[in-house]
Amino acid sequence: MVEEKKLPDLPNVEIGKVVMRLAPSPSGPLHIGHARMAILNDEYVKRYKGKLILRIEDTNPANILPEAYKMIEDDLKWLEVDYQEVVIQSDRFELYYDVMEKLIMMEKAYVSTTPTEIFKAKRQQSIAINERNDPAESNLRRWDKMLNGEFKKGEAYAVIKTDLTHPNPAIRDFIAFRIIETPHPLKGNKYRVYPMMNFSVATDDHFLGLTHVIRGKDHLANTEKQKYIFNYFGWSLPFYLHYGKVSIENSILKTSIIKKGIANGEFKGWDDPRLGTLLAMKKRGINPKAIRRYWVETGIGDVDIKFSWENLYAFNKHIIDPESPRHFFVLNPVKLELILEGIIKVKMPVYPKKEDTPFREYEIRKGQVYITQEDYNKFIGKEIRLKDLGNFKLEEGKLQYIDNDLSKIKQGIPIIHWLQSDFVDFEIVKPDGTIDKGILEKHALNYIGKVNQLERYGYTNILNEKLGYYTHP
RNA sequence: GCUCCGGUGGUGUAGUCCGGUCAAGCAUAUCGGCCUUUCGAGCCGACGACACGGGUCCAAAUCCCGUCCGGAGCACCA
């Protein structure tokens with residue numbers, strides 16, 4: 001195994017004092033992109049013996065999948081990401097309200113009933129709406145009315161002042177609270193004034209004592225907004241690091257699309273092999289250590305990258321190959337007549353590289369034999385070797401025994417896999433959702449739940465006696 | 001449109017802050033060889049990149065300017 005790359009050190013580190021966080025929203029299970037965030041944070045916290053907080057950001061009830069709270073924890077556990085504390089943002093409304101009230105009193109925030117279209121248009125032109133210049137008392141009064149339910153959804157919202165003349169319009173005054181009447185899966189109708197992400201994140205990052213924040217570049221502008229809150233209170237800033245955008249091809253990641261697809265039966269579930277979810281990776285037999293190595297090697301650069309399935313597969317192969325039992329799977333089998341004298345005893349290792357490997361032992365006699373349609377078409381009329389059995393002449397509908405001269409291997413005789421008996425009908429789901437059908441050596445069923453190397457076919461996670469998921473070539 | 005961020009081989013990354021040791025390292029992919037009763041693994045080798053154009057300098061992947069290209073934000077999403 002080659003030496004693995006390491007992540008660069010973080011600045012301002014004090015061993016044992018580092019606090020970092022994972023901040024997923026519970027809209028669905030985690031996917032391969034989330035894994036980057038989780039693994040990078042986990043790697044650093046482990047290196048610096050710090051604390052990792054799982055903070056579930058559930059401040060938008062419209063976007064919550066109730067099962068996701070648990071799914072996220074399961075996914076992280078599978079990834080071997082260790083967090084020491086779980087914080088649910090919907091448990092912290094009182095804190096958010098309290099912080100907001102202080103900001104209003106400091107005249108760093110205001111509460112508006114101006115239609116947001118006007119607010120946005122004026123902000124674009126660096127013009128303040130009326131309420132921005134109101135004294136704290138007026139804004140506080142409106143804030144109380146907001147909390148008391150005197151405004152309906154859309155009638156009022158609370159805003160953090162930044163700098164209306166900021167050259168970047170994305171940084172100017174931003175909304176911190178809005179009214180939501182949709183019940184929250186955990187809190188029901190207890191709250192109707194919900195913080196926006198920039199507000200709750202800044203508040204929590206401070207009160208949870210974060211020292212370092214690692215997240216995607218898409219949060220660059222959010223970080224700038226959040227800094228205003230830090231500065232108003234004089235809180236010390238964590239060290240921020242933003243990594244680049246990842247584009248993942250040949251995979252579906254958007255929870256909204258997945259939910260729809262599951263509902264209409266297009267996808268089998270959250271672990272459908274076409275999805276980029278960690279559940280799908282797990283089902284396919286991708287080892288979590290391969291995912292970790294992939295993201296560690298990719299590092300924390302701020303350049304935008306394309307996710308490479310090829311590289312992930314290569315890492316996975318290194319990890320699983322030594323532990324993958326070898327078996328035969330004959331895809332699209334062709335039944336041939338096997339012609340030979342007497343009985344040939346074959347003994348094939350399950351783990352060819354291990355000294356204490358178990359074996360698959362068979363007594364082969366004349367009768368039937370199966371090889372793949374592809375091999376049949378390719379080698380008809382030629383002499384081939386049935387692996388571990390002997391050399392045969394392949395003719396139409398039959399295989400005629402010639403000899404067991406092993407020196408022919410050196411000369412380059414094609415070696416193919418085969419099955420005579422002791423097999424089961426088997427289906428393998430490919431990453432594109434299609435299904436390969438064939439027959440699987442029965443012995444492989446002793447290794448259900450493991451990734452098997454089906455020789456000359458590919459690595460496959462054997463799920464049960466009828467079905468497997470293709471891992472990769 | 002406005003504002004940010006970035007561009008090293010097919011892919012990912014090291015080097016860029018503090019210019020020379022970088023005619024650019026590593027991984028993966030591809031190709032070839034060895035080994036192996038798998039088209040797998042392993043070993044060896046080859047191929048292949050500093051986006052473009054100017055400038056500064058004895059010297060630039062590294063600093064400056066421009067161009068092109070990619071990405072992000074300008075949500076009562078996170």
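As the structure is a prediction and not an experimental result, all values here were calculated from the model. A, B, ... follow the sequence lines: proteins, then strands. Residue 1 opens every chain.
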Exercise. Within the modelled atom types, does a donor on one side and an acceptor on the other bring the side chain of A:E297 and the base of B:U28 under 3.5 Å apart?
Worked result: no

Exercise. Hey, is the side chain of A:H318 poking within less than 4.0 Å of OP1 or OP2 on B:U28, counting only N and O atoms?
Worked result: yes

Exercise. Considering only the P atoms, how many Å lie between B:A49 and B:C43, rounded to the nearest integer?
Worked result: 26 Å

For this session: Rounded to the nearest angstrom, tell me the gap between atom CG in A:N250 and atom C1' in B:U11.
Result: 13 Å

Problem set entry | A:Y294 and A:S308, any side-chain heavy atoms less than 4.5 Å apart | yes

For this session: Report the base-pairing partner of B:G20 (Watson-Crick or G-U wobble, both distances below 3.5 angstrom), or none.
Result: B:C58

Problem set entry | Distance between C1' atoms of B:U16 and B:U8 (Å, rounded) | 10 Å

Problem set entry | Rounded P spacing from B:G25 to B:G15 in Å | 15 Å

Exercise. How is A:F315 classified with respect to the nucleic acid when contacts are heavy atoms under 4.0 Å: base, sugar-phosphate, or nothing?
Worked result: sugar-phosphate

Exercise. Is the NZ atom of A:K161 crowded by more than 12 outside heavy atoms at less than 6.0 Å?
Worked result: yes

Exercise. Atom CD1 of A:I384 to atom P of B:U38: distance rounded to whole Å?
Worked result: 15 Å

For this session: Classify the nucleic acid contact of A:F328 as base, sugar-phosphate or nothing, counting any heavy atom under 4.0 Å across all strands shown.
Result: nothing

Exercise. Which nucleotide, in any strand shown, forms a Watson-Crick or G-U wobble pair with B:A72, with both distances under 3.5 Å?
Worked result: B:U3

Exercise. Looking at A:H242, does any N or O in its side chain come under 4.0 Å of the phosphate oxygens OP1/OP2 on B:G6?
Worked result: no

For this session: Test A:Y457 against A:F328 for ring pair (Phe, Tyr, Trp, His ring centres under 6.0 Å), laying out the working first.
Result: CA-CA 8 Å; A:Y457 172 78; A:F328 286 166; over 10 Å; no

Exercise. Which of these, A:T223, A:N222, A:D302, sits in a side chain to side chain donor-acceptor pair (under 3.5 Å) with A:H242?
Worked result: A:T223

Problem set entry | Atom NZ of A:K70: over 12 foreign heavy atoms under 6.0 Å | no

For this session: Could you work out the separation of B:C26 and B:C47 based on their P atoms and round it to a whole Å?
Result: 12 Å

Exercise. Which whole number of Å gives the distance between the C1' atom of B:G19 and that of B:C57?
Worked result: 9 Å

For this session: Using whole Å, report how far NZ of A:K353 lies from C1' of B:U37.
Result: 10 Å

Seminar exercise, completed: Checking N1-N3 plus N6-O4 or O6-N4 for Watson-Crick, or N1-O2 and O6-N3 for wobble, each under 3.5 Å, the partner of B:A46 is B:U30

For this session: Measure from OH on A:Y351 to P on B:U38 and round the result to the nearest Å.
Result: 18 Å

Exercise. In terms of heavy-atom contacts, does NZ of A:K187 have more than 12 from other residues, nucleotides or ligands at under 6.0 Å?
Worked result: yes

Problem set entry | Whole-Å C1' distance, B:U62 and B:C18 | 11 Å

For this session: Provide the distance between the two C1' atoms, one in B:A23 and one in B:A59, to the nearest whole Å.
Result: 14 Å

Exercise. Counting any heavy atom closer than 4.0 Å, what does A:D302 reach on the DNA or RNA strands: base, sugar-phosphate only, or nothing?
Worked result: sugar-phosphate

For this session: Take the angle between the ring planes of A:F307 and A:W295 and call it parallel below 30°, perpendicular above 60°, tilted in between.
Result: tilted

Exercise. When you check every protein heavy atom under 4.0 Å of nucleotides 71-78 of chain B, what one-letter string (B, S, -) results, 5' to 3'?
Worked result: SSBSSBSB

Problem set entry | Identity of whatever pairs with B:G25 - Watson-Crick or G-U, under 3.5 angstrom | B:U13

For this session: Whole angstrom is fine here: how far is it from NZ in A:K345 over to P in B:U37?
Result: 22 Å

For this session: Please state how far atom CD in A:E374 lies from atom C1' in B:U38, giving the value in whole angstrom units.
Result: 14 Å

Problem set entry | A:D321 side chain to A:Y459 side chain, donor-acceptor N/O pair below 3.5 angstrom | yes

For this session: Could you check which nucleotide pairs with B:A41 in any of the strands shown, counting Watson-Crick or G-U wobble with both distances under 3.5 Å?
Result: none

Exercise. Judged by modelled atom types alone, do A:R284 and A:N461 share a side-chain donor-acceptor pair under 3.5 Å?
Worked result: no

For this session: Select base, sugar-phosphate, or nothing to describe what A:K387 touches, counting heavy atoms under 4.0 Å on all strands.
Result: base

For this session: Between B:G40, B:U37, B:G12, spot the one nearest the side chain of A:K306, thanks.
Result: B:G12

Exercise. Between A:I319 (CD1) and B:G42 (P), how many Å, whole number?
Worked result: 12 Å

Exercise. Using a cut-off of 4.0 Å on non-hydrogen atoms, how would the nucleic acid contact of A:K410 be classed: base, sugar-phosphate, or nothing?
Worked result: sugar-phosphate

For this session: Would you mind classifying the nucleic acid contact of A:I305 as base, sugar-phosphate or nothing, using non-hydrogen atoms under 4.0 angstrom?
Result: sugar-phosphate

Exercise. Contact class for A:N391 (heavy atom, under 4.0 Å): base, sugar-phosphate, or nothing?
Worked result: nothing

For this session: Report the residue (A:P167 or A:I300) whose heavy-atom-nearest nucleotide on RNA chain B is the more 5′ of the two.
Result: A:P167

Exercise. Mind checking the C1' distance from B:A46 to B:C68? Whole angstroms is fine.
Worked result: 34 Å

Exercise. What is the pairing partner of B:A51, taking Watson-Crick or G-U wobble pairs with both distances under 3.5 Å in any strand?
Worked result: B:U67

Exercise. Can you tell me how far the CG atom of A:L52 sits from the OH atom of A:Y44, to the nearest 0.5 Å?
Worked result: 14.0 Å

For this session: Tell me which of A:A314 and A:L389 sits closer to the 5' end of RNA chain B, going by the nucleotide each one is nearest to.
Result: A:A314

Problem set entry | Distance in angstrom units between A:L40 CG and B:G12 C1', rounded | 14 Å

